[in-house]
Amino acid sequence: MLNNNSQIEKAVNSRSGPRVSRKPRGRLLPFLYLLPSALLLLVFMIVPIGYTFYLSFFNWNLIAPTKQFVGLANYVNVFTDPTNQKVILNTLVYIVLLVILNFIIPYFISLIVNFFIGKMKGPYKILFFIPSLFSLVVGAMLFSWILNPVSGPLALFLRDFGMKVPQWTNSGAMAIVVICLITNWKVFGYNFILLLTGLGAVPRNILDAATLDGIPKWRVIWNIVLPLNKGVAIYVFILTIVQGLQYVFTPINVITQGGPYYGSSNLLYHTYLNAFVLYKTGNASALATVTFVIFLILLFIEIKFVEGRKQDAD
Amino acid sequence: MLTEKRNWGWHILLILIILAIMLPVVFMISNSFKTLQESYHSILQLIPSNPTLGNYLTLNKQINLLRMVSNTFLMAMIVTLGKVGTGLLAAYAFQNFHFKGKQLIYFIFVATIFVPFTTVMIPNYLVIAKMNLLNNVIGVALPQMCDATGIMLFIKAMEKIPSSLTESAKVDGIPNRRIFMNIIIPLLKPSIISVGAIFFINSWNEYVWPTLVLKDKSSFTLPLALQNYISSEGGTNFPLAMALAVIMIVPPLLIYMVFQKYILNSISSSGLK
């Protein structure tokens, strides 16, 4: 910040052109700055959303020159096809597990670090964050090594106690748990830091006053801290679901490919499978549109609680 | 005070968590220097008794490592420069101008963060295929060159610059592009570094979209190459896969070691609304 003045001087001295402001061009100027990002988002985000919606009314295989209009058939299929129903149910299981592993547990740990351990926050932040730097493919490889039923370290360790690691890839439920644990390994530190930062913004004096009045610590946290930190918490909660459902794609594709019998698949992976493995573009587009609507609802929850709170504060 | 001194129990719990998340990585590094035989028989021996570079040499024979590293680097670099560049320009527009529809445009931008990749992947795949960019890292990078997260973070950083600074420059008749280039960008350096570092690391690790675009092995990035070494039927040669994973984690770790403080600050501020 020290070189502010010299920066201005440099800017002043290097200015060319007249001092008069150019009004007509000035009005278009902000749009010029917005142009690159707006163009990219339009071409690769907004138009594709519309086109996916359009494709969801057709039967197509991604290659054929003609598309067959089928009306709402793909949407009916989303909710009536037994595989799709299984996948939707799996998605709900994923959401519950992701919220427990990637939101509730990091929140609990961030409360401990913020309120129970004094001034040692720095090293924990730095170390917890490290797996966030690594690819989920690395995580998937590490977990399939650790949990390898034949030669993995856990299997060798348990063998001494006469126990075995189950063939977890043969069970949809167990595979889902392992896949969620892999994303937990990656995002735990990230979510922990977001939540800890939120807690750091809770005014200290309120807490100290409450503690002086002899109110037990956990009640202070429950009645004062958690409500005050609601904005950040809901943001991380929504992020956990939105990002988590996309994060699990990688370990699913690397380890189970959605199996056994779609047992570990979810809405997003099933969309990919329909689009690029089974070439059922219409089905995939309907699934993608349903996912989009679910995420949109989550976005509105986020706005209602988080952005709304910001405006109140302003 | 809410904090007290008798808290060893909590420290032990936290240290156990650190061990749980870090030990797999430590053993991964250690096992990458063991032969398949040794890794099987002394799986939890931290220091290999006969450290060998064999896995790394085998990797280099089986795949074109240098090419994959440069593919990954090129892709991550294009994505990072794109996201930082478009993000800075857009943030400046939102922060320094009043224009019609600003609120709405900003809302649409931020809402794109919530769009699941499956909703856009089919049309984007068709566009990239039509542009003849399949099996090309540019095809991976192009659709990702704008990220609303970056715009939000840069706006937050720009809010900290005293408005008197840009206002007085405007009064002096300095054109916006000079204010942007000579005042804003130099002052934003820490945030450009940290946001850029985060974007680079994320792109370096990216897996989902590249699997759709890059089918030809010679165009693979490192995560795709690693996936090829993990067999879903068991029988993965783990020391070999671990050697590749070690190569993958070194650049992000180095970036983190140098810019750790900046990166954590940016992550923190992304959550604070």
Side-chain angles (χ1 to χ4, degrees), chain A residues 4 7-8 10-12 15 19 29-30 33-34 36-37 40-41 44-45 48-49 51-52 112 115-118 124-127 131 133-135 137-138 141-142 145-146 151 153 156 185 193-194 197 207 211 217 231-232 235 242 246 249-250 254-255 268 271 275 288 291-292 295 299 306 310, chain B residues 2-3 7 10-11 14 18 21 24 28 40 43-44 86 89-90 92-93 97 99 111-112 114-120 122-124 143 145-146 165 169 172-176 178 182-183 186 201 205 207-208 223 226-227 230 232 238 241 245 248-249 252-253 256 260 264 267-268 271-273:
Chain A
N4 283 352
Q7 295 293 355
I8 297 179
K10 237 198 278 172
V12 171
R15 79 163 191 268
R19 262 163 178 261
L29 206 52
Y33 282 92
L34 282 178
S37 40
L40 283 163
L41 290 179
F44 293 111
M45 275 282 183
I49 294 169
Y51 192 63
T52 299
I112 287 168
F115 295 117
F116 289 88
I117 62 155
Y124 290 122
K125 270 163 83 171
I126 293 170
L127 290 167
L133 303 165
F134 304 149
S135 168
V137 185
V138 174
M141 186 269 286
L142 280 177
W145 172 65
I146 295 167
S151 61
L156 295 182
W185 174 75
I193 285 175
L194 289 181
T197 312
L207 308 175
T211 320
K217 212 187 274 189
V232 174
Y235 172 73
V242 168
Q246 311 195 58
F249 183 98
T250 300
V254 171
I255 298 176
L268 287 98
T271 309
T291 316
F292 178 64
F295 280 28
L299 169 68
V306 185
K310 186 198 167 190
Chain B
L2 237 85
T3 47
N7 44 31
W10 291 127
H11 278 295
L14 295 170
I18 288 174
I21 60 179
M28 173 177 91
Y40 186 76
I43 202 160
L44 291 179
T86 58
L89 287 167
Y92 186 70
F97 294 99
F99 51 89
T112 61
F114 285 78
V115 176
F117 74 87
T118 50
T119 308
V120 297
I122 297 169
N124 281 351
M145 285 171 61
C146 179
L165 211 63
D172 283 347
I174 299 168
N176 270 296
R178 281 203 199 286
N182 297 349
I183 301 176
I201 292 169
N205 291 331
Y207 171 77
V208 181
L226 177 58
Q227 189 239 306
I230 306 165
S232 46
F238 279 108
M248 269 176 71
I249 67 170
L253 267 181
Y256 187 58
Q260 170 260 114
L264 291 186
I267 302 282
S268 299
L272 275 191
K273 290 278 162 175

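Heavy atoms only: backbone and side chains are in, while hydrogens, waters and symmetry mates are out. Letters go in sequence order (proteins before strands), and every chain restarts at 1.
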Please flag which part of Pro153(A) lies under 4.5 Å from any non-hydrogen atom of chain B: side chain, backbone, both or neither.
both
Please find the pair of heavy atoms, one from Val137(A) and one from Gln227(B), that lie closest to each other, and give the distance.
CG1-N, 3.9 Å
Could you list the residues that satisfy ring-ring contact (aromatic ring centres under 6.0 Å, His included) with Tyr207(B), not counting sequence neighbours?
none
What pair of heavy atoms forms the shortest contact from Ala241(B) to Met141(A), and how long is it?
O-CE, 3.9 Å
Leu29(A) side chain near Phe97(B) side chain, heavy-atom distance below 4.5 Å:
yes
Below 4.5 Å from any heavy atom of chain B, which atoms of Leu142(A) appear? Answer side chain, backbone, both or neither.
side chain
For chain B, find which of Leu156(A), Val242(A), Thr271(A) contributes the most heavy-atom pairs closer than 4.5 angstrom.
Thr271(A)
Side-chain contact, heavy-atom cut-off 4.5 Å: Leu89(B) with Leu34(A)?
no
Given that the side chain runs from C-beta out, which part of Leu299(A) has a heavy atom under 4.5 Å from chain B: side chain, backbone, both or neither?
both
Validation row, ring centre His11(B) to ring centre Phe116(A) under 6.0 Å
no
Given a strict heavy-atom distance threshold of 4.5 Å, which part of Met145(B) is in contact with chain A: side chain, backbone, both, or neither?
both
Minimum heavy-atom separation for Thr119(B) and Thr52(A), please, with both atom names.
O-OG1, 2.6 Å
Please confirm whether Phe249(A) and Phe117(B) have ring centers closer than 6.0 angstrom.
yes
Less than 4.5 Å apart, any side-chain heavy atom of Val138(A) and any of Met28(B)?
yes
Would a line drawn from the ring center of Tyr33(A) to the ring center of Tyr92(B) be shorter than 6.0 Å?
yes
Could you report the tightest heavy-atom contact between Gln246(A) and Pro116(B), atom names first, then the distance?
OE1-CA, 3.7 Å
Phe44(A) vs Val120(B), side-chain contact (heavy atoms from CB on, under 4.5 Å): CA-CA, chis, key distance, verdict
CA-CA 7 Å; Phe44(A) 293 111; Val120(B) 297; over 6 Å; no
Counting only non-hydrogen atoms closer than 4.5 Å, does Leu133(A) touch chain B with its backbone (N, CA, C, O), its side chain (CB onward), both, or neither?
both
Provide the closest heavy-atom pair for Asn124(B) versus Pro48(A) in the form atom of the first, atom of the second, distance.
OD1-CG, 3.4 Å
Shortest non-hydrogen contact between Thr112(B) and Met45(A), atoms and distance
O-CE, 3.8 Å
Residue, of Trp185(A), Phe134(A), Tyr51(A), that accumulates the most heavy atom pairs under 4.5 Å with chain B:
Phe134(A)
Examine the side chains of Thr197(A) and Ser268(B) and answer whether a donor and an acceptor come within less than 3.5 Å of each other.
yes
